[in-house]
Amino acid sequence: MRILKMNDGTPLSRLLPLLIAAGALAACGSDQSDAPNADATTADMPEETASAAEPTDEPTNGAVDDALDDAEQELEGEAESLADDMQQDAENLADSIGQQAGDTVEEVVDAAEQVLDDVAGAVAPIVAADGDACALAISAGDNIAYSTNEMSVPASCDAVTVTITHTGNLPAAAMGHNWVLIPADAAEAIGMAGMSTGLENNFLPADDDRIVAATKIVGGGESASVTFSLADLADGTDYAYICTFPGHWSIMKGTFTVSE
Ligand code: CO
């Protein structure tokens, strides 16, 4: 019978009063309308009477069937309700876990981005400083003099750029200046050799391998740059920079060093 399927675990305790009532009705052999008082009968009925409602092959009357149907429907309803609750709880839990996982991933990403920002912020000044250290500026005006007679770059520079600016008003033909990097002991030879090559050749001797780098000759208001690699400098050699405009090299002369 149907009751067998339902009759395991807790449902039994809920069914018991109904079974007792059904048993009483069956024992009376009458329908519910003839039962004197269902509650009173149930209260007086010993528990053993429940066995009267246990499965048998005998036909049962309509009242018992109705009672069993009601009990079954009630249990089914309760089971469905319980299943719905459990499903809702499971969905809530899944949502909660998903939300937490999402929050955690977001937090990790945020933290990682913050670290990257911090690193970039810490590195940027170093890179900028290093970049500036590899780009040197020097100037000269309407007299025979550089703005500085000492220049230095860090050995870490991949390339060095030197820019010379003429801050005066005199034209290049009258008071030209350039920046020429050479071995210090070659200053006189190169300065003298350049005198005769002319402004059009920037007063540089042709094909002189000792010249590491050189800008063109600039006049008032002009500037010029030259970029070279420190790899072009020989170890153990002192370097200097000079202006090769005729007569300037002995005065416009400075030391160029590479710092480790
Ligand atoms: Co000069």
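Every number for a ligand or one of its atoms is a count from 1 in the order of the listing. Residue indices begin at 1 and follow the sequence shown. Both backbone and side-chain heavy atoms feed into the values below; hydrogens, waters and symmetry mates do not.
Annotation for Glu150: atom CD does not count as buried by contact number, only 12 or fewer foreign heavy atoms lying within 6.0 Å. In the displayed structure, Asp85 atom CG is contacted under 6.0 Å by more than 12 heavy atoms of other residues, nucleotides or ligands.
When O of Gly176 and SG of Cys243 are joined through the Co ion (ligand 1), the resulting angle is 100° to the nearest 10°.
The atom name of the N/O/S atom in His248 closest to the Co ion (ligand 1) is ND1. Considering just the N/O/S atoms of His177, the one nearest the Co ion (ligand 1) carries the name ND1.
Rounding to the nearest 0.5 angstrom, the gap separating the CG atom in Leu230 from the OG atom in Ser156 is 8.5 Å.
Ring pair Phe245/Phe203 is perpendicular by interplanar angle, where above 60° counts as perpendicular and below 30° as parallel.
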